[in-house]
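Input: a single structure, listed below in structure tokens.
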Amino acid sequence: MVAFIYTLLISLVTISVALITEQPMPQLLCNCFNRELSASKDEPGAMIIYTCVNKYLAITWRDRYYQKMSNDPEVINWFKSLYRKNKSLEYHSRLKRQTGSLLHGTRQEIRTLSNAQRRRFITAVQRLKTTRVGSTNRYDAIAAAHDGPALENAHFGPNFLGWHREYLLLFETALRQIDSRVVLPYWDTRLEYNLRNELESNIWDLSFMGDSQGVVSYGPFARWRQPNGAFLERSAGADGSYIPPVGIQRVLSRQSNIQISEPWAADRFSLENYHNAVHMRVGGSMTGLNTAPADPIFFLHHAFIDCVWEDFRRQQTYPERDYPWNNQARRSQRPSERMINLESNKRNIEGYSNEYTQRYYRCARSPQTCRECRNRRNLRCGTWNPGLCAAGRQSRRTSTRARNALQDEPKNKPLGISQSFRSTIIDKRKNNRGKRSIPAADFSMNFTKMFSHEDYPEKIPKTWRPSESELESPIQNSFVIDGVPDIKRWVFIPVIVKHKRPPGLYFNSKVIVHGDIQAGVDVYSYAMILNDTKTNRDQATFPNRNIPSKVGFDKVFVQVDGLSYSGKYKDYAVVDSRLPISESVTFVGVKSPKLNNSRSYVSAYDSHGRLCHAYCLVYGSNPPEYKKCSGVIDLTTTSPFMYGDSIGESNGLLYRKLKSVNHVRSYENVFLTFHCDYDDTPWSQCK
Ligand SMILES: [Cu+2]
């Protein structure tokens, strides 16, 4: 009898709360996860999520809303006119036998441009945005060419390098149609990586790319709209990683494209992979493959990746013949397939042609060592990697010293400056003719290899750095669903995060036993060390993230990717990584079920890139129990609510049950929890 009542109760409860339901993971997504996992031990789980989710969304782009801007006949005609312009330039330069000169010029690191050069570039970009073509503007027309069917053709394989090379040339040609003195600059993110606080980088200055946080509201692109109607947004520093100097060295240490290209390359050699982490690091619009080119920083970032590739190609004897392909890559990556959306009618393999860098542009080497950047206006010595160059203004002291050294050194000769120091200074003067800064043009004349192993100090630090600004980097969401930016299209669900203290931490709160300091433990780890003999799996982390904060704050990101809709959402829970287990909560947006078809994939990882497992509520369990699940959820309009129309309302769900002044937390309305315990991997059951 008791059993009968119990069963009845359970079934009643089950019917009344079937608001969020667990769904199986799409096979394609699951295959990707398992393949990536089995292939690598050194890739942070967050990068695997980024790769696989974007790949899945790219392959299934027809299932979701997409703006077909590149079908506009006027856009197509304009693209074609840009190619014709280049063809006639090529033709005329052949007639004149101008073999040495380049049709476009030399691409330089943006920090090495003169103020006037940089202003011209930025003005040309702004003019693209205000010049109409067809139903849109020129900038958005180019940005949209990266979307839809191009997503898969341009990523996840060897055509990534060639397609983007052609794409950059299209963009550069469009800029030069406005101002023929403009050459596309590039953004070497190692110069950010070498800073202790990346957010101090001058790339986010008013006269460079502007705002790094939230809706871009100052700088040259303030209040820009993405083609999908959302504002231009960034959450720089919150997630991902800039490219560590050693990353470029690793790529250049390989010989053939198959070793640095997806899907074959090991992660530490994959250029596309390093490039992905920068997209995550900038955040906001740059995070989604479909929205990334809406941010002009996209083109600077890709121009850098392209220059690294060019350096790689220059080590090869026949770079044109090295287009890798086999059945592991997708069909769209075949050398004979056409490049999609670019209207040049080129085949993928033509992206590997020598023409680009023989006829159109070269890459100037970017300054790398502290000595090279010492007297430059927009560069300084690194604060994280002190021997290496970094982005930013010289500190007053340094520049005064450098100036004195340059100007007064001859007079000071007898004052006992050591021989080696003096000779450095004299050499500098000789090259420099006493100028305070080397003009950008001088530097661009140096066409020797852009990046070489000799550029770096002997010792590259083995341990990486914490980003001190991490906790100050909030997340900006676009609130776009299917091309409409509006928070009313979203609902918010609570997500509980259970975070286990990661391995290898040590906090400076010592344990005193019988008057002595106990070695190897801190007061928080004490119990754990004594009781927990299970060893943690050491998951790979972002290169710049595996030193945690000294005080124990850590973030667990929870990410929502629309599967039945075009939309993303991301936020984080703050956890205390000192504690053996720390529990926290965050709220993430998913498509409102009132708009039908709300299917999302929810994933989580900590700020070091380590993965967490999804657990779903077992309906009818009391007290609430959770079982491992895929993270794919459907929302329905069945009541009672397990979501809120705002984060505030959703927060109330956690405390609703008792309506008490004590704020006792209730789990009955929490469908999803994540366990970040570093054991095994979250996709083991999805085969
Ligand atoms: Cu791309």
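Whatever order the structure lists them in is the order used to number ligands and atoms, beginning at 1. As a basis for the values below, the full set of heavy atoms in this structure was taken, side chains included, without hydrogen atoms, waters or symmetry mates.
- Note on the Cu ion (ligand 1): protein N, O or S atoms under 2.8 Å away count 3, no waters included.
- Neither side chain, E337 nor W325, offers a donor N or O lying under 3.5 Å from an acceptor on the other.
- Using a 30° and 60° split on the angle between ring planes, Y605 and F557 fall in the tilted class, from 30° to 60°.
- In this structure, Y167 contributes its side chain and F299 its backbone to no donor-acceptor pair below 3.5 Å.
- Two residues are said to be in side-chain contact when any heavy atoms from C-beta on lie closer than 4.5 Å; P319 and N354 meet this criterion.
- Side chains of S600 and Y565: a donor on one and an acceptor on the other come within 3.5 Å.
- Among the candidates E166, R165, R347, the single residue satisfying the side chain to side chain contact (heavy atoms under 4.5 Å, CB included) test with M339 is E166.
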